[in-house]
Amino acid sequence: MKSAEDRLAALGTKIPDILLPRKHIDLSTWAIIACDQFTQDRDFWDNLSQTIGSKPSLLPMIFPEVYLEDPDKNERIMKIRQAMQEAIQSDYFDEPIHGLMYIERSTPYHFKRRGLVLALDLERYDWQSEKRLLIRATEGTVKERLPPRIEIRRGAPLESPHIIVLIDDPSRRLVEGFGERIKNRQPRYSTTLLANAGTIEGWTFESEDDFTYLADNLERLVREAIERDGRRSPGEEPFLYAVGDGNHSLATAKAVWEEYKSIHGNDRDIMNHPARYALVEIENIYDKGIDFEPIHRIIFGTTLHEIEDLLQKKLSAQIEPISNAEDLMEALKNSKQGIIQYGLVSSSGLRLLQISGTAVATVPLQPVLDSFLEENKERVSIDYIHGDRETAELALEEQNRVALLLPPVGKEDLFRTVGKSGPLPRKSFSMGEGIEKRFYLECRRLFV
């Protein structure tokens, strides 16, 4: 009879050796929000650094993307490596836990969101849309965004996850089942989170019985995935895991692993290397603590008139002036059958745009923006922002910038849509508001 861990390996899943801080370390300053948040807000990250000071923290071990274009990138990466090595050599960590973690997170918007921290096999994942593997990207991956991330992960002594991977479990028996198993157990950790981001608690599961429960339920989900998606073509695996947050981070992990294999070969020892796996958090798409939010766009170096004209010509958009941002955001929430709506915000005015269609809003929009950006790359740039109010405020701060607000996104059909048509355009949705993103907390040895 196969062991539970052998069964999990067949499902692209591995029980990791998790490193957690010792109990004397203040987790409220140890845990840090995902690096791809607040990319237009240096004050947020600078204030975070001042708040933490010299306390043990994961902040020196990550690269907030707000600083990616700064000239000291190489020096910053070197300091990240040093901070990781110092953490390993210090008394920061307890002995590794060979197990998984069940976590419960509260946010300013939701009382509880549940997850499991474990490792996924990068051999069963590829971000390219034509690959139909067990673990699939939900959004397009931009190759140009990978090199700086690869530099950071290549040779890194530690990894800490901000990747969230979704399962399609309408019966709510896997993640929620571990929630039932923690009754009358004290959490391994419990802390408030910086920036008023809520709280988090975590419980360890280290027994063969726990691993068997995980394997039983993942095998059930594979059977249900085959029923959901119909008969598979030769070479196509069931669609078990969908990358919800951190598409580019998981693509980075895959790239580093493929690079490592190409250098060292594919013998048995290499194939057992920790870099073959990525530490992630698994969440059920049906969890009531998960909302899908649109990711808005800000285009710099342009005008309201130019973007209006572009979308009229390329998408046959109907345009209506709107008097204030609140009315515009409310209008976007009231979807109409067969109509896709967008909002434009700039210091020159606000507009509601409508086009015919039933697709996710990014499907017709993103190719038009990509073409426009390429044609005008000397003067125009784009950023992707979480939160409609935050995006509108940024657009109104200065002239020659225009925000594109997107309508709400449904989550129930994600697996069917991606399974049928492949990944959505990049930055199509976000799981919740920016402040709800995953915090780095658990760690794992990577290149040792």
Side-chain angles (χ1 to χ4, degrees), residues 5 8-9 12-22 30-32 34-36 56-65 74 76-101 116-127 135 146-165 243 245-282 438-448:
E5 293 200 54
L8 290 170
T13 307
K14 184 176 179 62
I15 302 299
D17 294 314
I18 295 175
L19 294 172
L20 291 175
R22 294 184 184 274
W30 170 265
I32 299 297
C35 65
D36 58 351
S57 175
L58 282 165
L59 182 59
M61 300 180 230
I62 71 168
F63 199 142
E65 292 189 5
N74 291 336
R76 188 179 286 271
I77 292 173
M78 184 179 67
K79 288 181 177 178
I80 289 171
R81 294 272 196 281
Q82 291 173 347
M84 289 180 176
Q85 203 62 51
E86 288 171 6
I88 291 170
Q89 294 169 352
S90 72
D91 63 347
Y92 284 6
F93 295 114
D94 272 334
E95 289 300 310
I97 297 163
H98 184 69
L100 59 147
M101 298 213 62
L116 292 175
V117 177
L118 45 72
L120 294 186
D121 185 353
L122 296 168
E123 289 287 304
R124 310 294 291 277
Y125 159 78
D126 200 295
W127 52 265
I135 309 161
L146 298 183
R149 293 168 172 79
I150 290 171
E151 284 185 53
I152 296 165
R153 187 175 177 93
R154 183 188 289 130
L158 290 173
E159 76 165 345
S160 185
H162 81 256
I163 300 164
I164 295 178
V165 174
V243 186
D245 260 349
N247 267 297
H248 285 86
S249 293
L250 197 59
T252 296
K254 174 73 172 181
V256 170
W257 168 235
E258 293 297 329
E259 178 185 82
Y260 188 81
K261 279 196 302 179
S262 71
I263 295 171
H264 297 280
N266 289 351
D267 64 35
R268 184 172 181 177
D269 289 340
I270 294 302
M271 295 304 289
N272 288 326
H273 193 278
R276 175 175 172 170
Y277 304 93
L279 203 60
V280 304
E281 179 182 340
I282 304 295
R438 191 174 206 284
F439 273 59
Y440 304 101
L441 197 158
E442 304 86 359
C443 294
R444 182 178 74 104
R445 296 289 293 269
L446 190 55
F447 288 95
V448 295

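Nothing here was measured: the structure is a model prediction, and the numbers come from that model. Because only heavy atoms are used, hydrogens play no part in the values below, and waters and symmetry mates are left out as well, while side chains stay in.
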Handout entry: Worked check of side-chain contact (heavy atoms from CB on, under 4.5 Å) between Leu8 and Leu118
Key = CA-CA 11 Å; Leu8 290 170; Leu118 45 72; over 6 Å; no
Exercise for the section: Take Glu65 and Arg149 through the salt bridge (charged side-chain N to carboxylate O under 4.0 Å, His left out) test and state the conclusion after the steps. Expected result: CA-CA 10 Å; Glu65 292 189 5; Arg149 293 168 172 79; 2.5 Å; yes
Practice task
Begin with the C-alpha distance, continue with both residues' side-chain angles, and end with the deciding distance and a verdict on side-chain contact (heavy atoms from CB on, under 4.5 Å) for Leu158 and Leu19.
Solution key: CA-CA 10 Å; Leu158 290 173; Leu19 294 172; 3.8 Å; yes
Handout entry: Audit row: Glu281, His162, side-chain contact (heavy atoms from CB on, under 4.5 Å) steps and yes/no
Key = CA-CA 8 Å; Glu281 179 182 340; His162 81 256; over 6 Å; no
Exercise for the section: Kindly indicate, with the supporting measurements, whether the criterion side-chain contact (heavy atoms from CB on, under 4.5 Å) is fulfilled by Met61 and Ile32. Expected result: CA-CA 10 Å; Met61 300 180 230; Ile32 299 297; over 6 Å; no
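Within the 4.5 Å cutoff, no side-chain heavy atoms of Leu250 are placed close to those of Leu120. In this structure the side chain of Leu20 reaches within 4.5 angstrom of the side chain of Leu441, judged on heavy atoms. With contacts defined as side-chain heavy-atom distances shorter than 4.5 Å, the pair Val243/Trp127 does not qualify. Annotation: side chain of Phe63 is not in contact with side chain of Cys35 (no heavy-atom distance under 4.5 Å). The shortest side-chain heavy-atom distance between Arg445 and Ile88 falls under the 4.5 Å cut-off. Considering only heavy atoms from C-beta on, Glu123 comes within 4.5 Å of Glu258 through its side chain.
Applying the side chain to side chain donor-acceptor pair (under 3.5 Å) criterion to Asp121, with sequence neighbours excluded, gives Arg276. Shown here are the ring-ring contact (aromatic ring centres under 6.0 Å, His included) partners of His248, two or more places apart in sequence or in another chain: there are none. For His264, there are no side chain to side chain donor-acceptor pair (under 3.5 Å) partners two or more places apart in sequence or in a different chain. Remark: Lys14 pairs with no residue by the side chain to side chain donor-acceptor pair (under 3.5 Å) rule, at least two apart or across chains. For Ser57, there are no side chain to side chain donor-acceptor pair (under 3.5 Å) partners at least two apart in sequence or on another chain. Residues passing the ring-ring contact (aromatic ring centres under 6.0 Å, His included) test with Phe447, sequence neighbours excluded: Tyr260, His273.
Contact record, Ala156 with Leu446: O-CB, 3.4 Å, taken as the closest heavy-atom pair. Between Pro16 and Arg444, the closest heavy-atom pair is CB-CD, 4.1 Å. The nearest pair of heavy atoms linking Arg438 to Ile164 is CB-CD1, 4.1 Å. Between Ile62 and Pro64, the shortest heavy-atom distance links the atoms O-CD, 3.4 Å. Smallest separation of non-hydrogen atoms from Pro157 and Gln85: CG-OE1, 3.4 Å. Summarising the geometry of Glu151 relative to Asn74, their closest heavy-atom pair is OE1-OD1, 3.8 Å, with the distance given to 0.1 Å.
Note that CZ of Arg154 and CD of Glu259 are 4.0 Å apart. Values are rounded to the nearest 0.5 Å. To the nearest 0.5 Å, the span separating CD1 on Ile150 from OG1 on Thr252 amounts to 5.5 Å. To the nearest 0.5 Å, atoms CD (Gln82) and CD (Gln89) are separated by 11.0 Å. Of the inter-residue distances, the one linking Asp17 atom CG with Cys443 atom SG reads 13.0 Å to the nearest 0.5 angstrom. Taking OH of Tyr440 as the reference point, atom CH2 of Trp30 lies at 13.5 Å (rounded to 0.5 Å). Taking CZ of Arg153 as the start and CD1 of Ile77 as the end, the distance is 14.0 Å to the nearest 0.5 Å.
Partner of Val117 under the side-chain contact (heavy atoms from CB on, under 4.5 Å) criterion, chosen from Ile18, Val280, Ile282: Ile18.
Without hydrogens or angle criteria, Lys254 side chain to Asp126 main chain gives no donor-acceptor distance under 3.5 Å. A donor-acceptor pair is defined here as one N or O able to donate and one able to accept, closer than 3.5 Å; such a pair exists between the side chain of Arg22 and the backbone of Phe93. In this structure, Glu5 contributes its side chain and Ile15 its backbone to no donor-acceptor pair below 3.5 Å.
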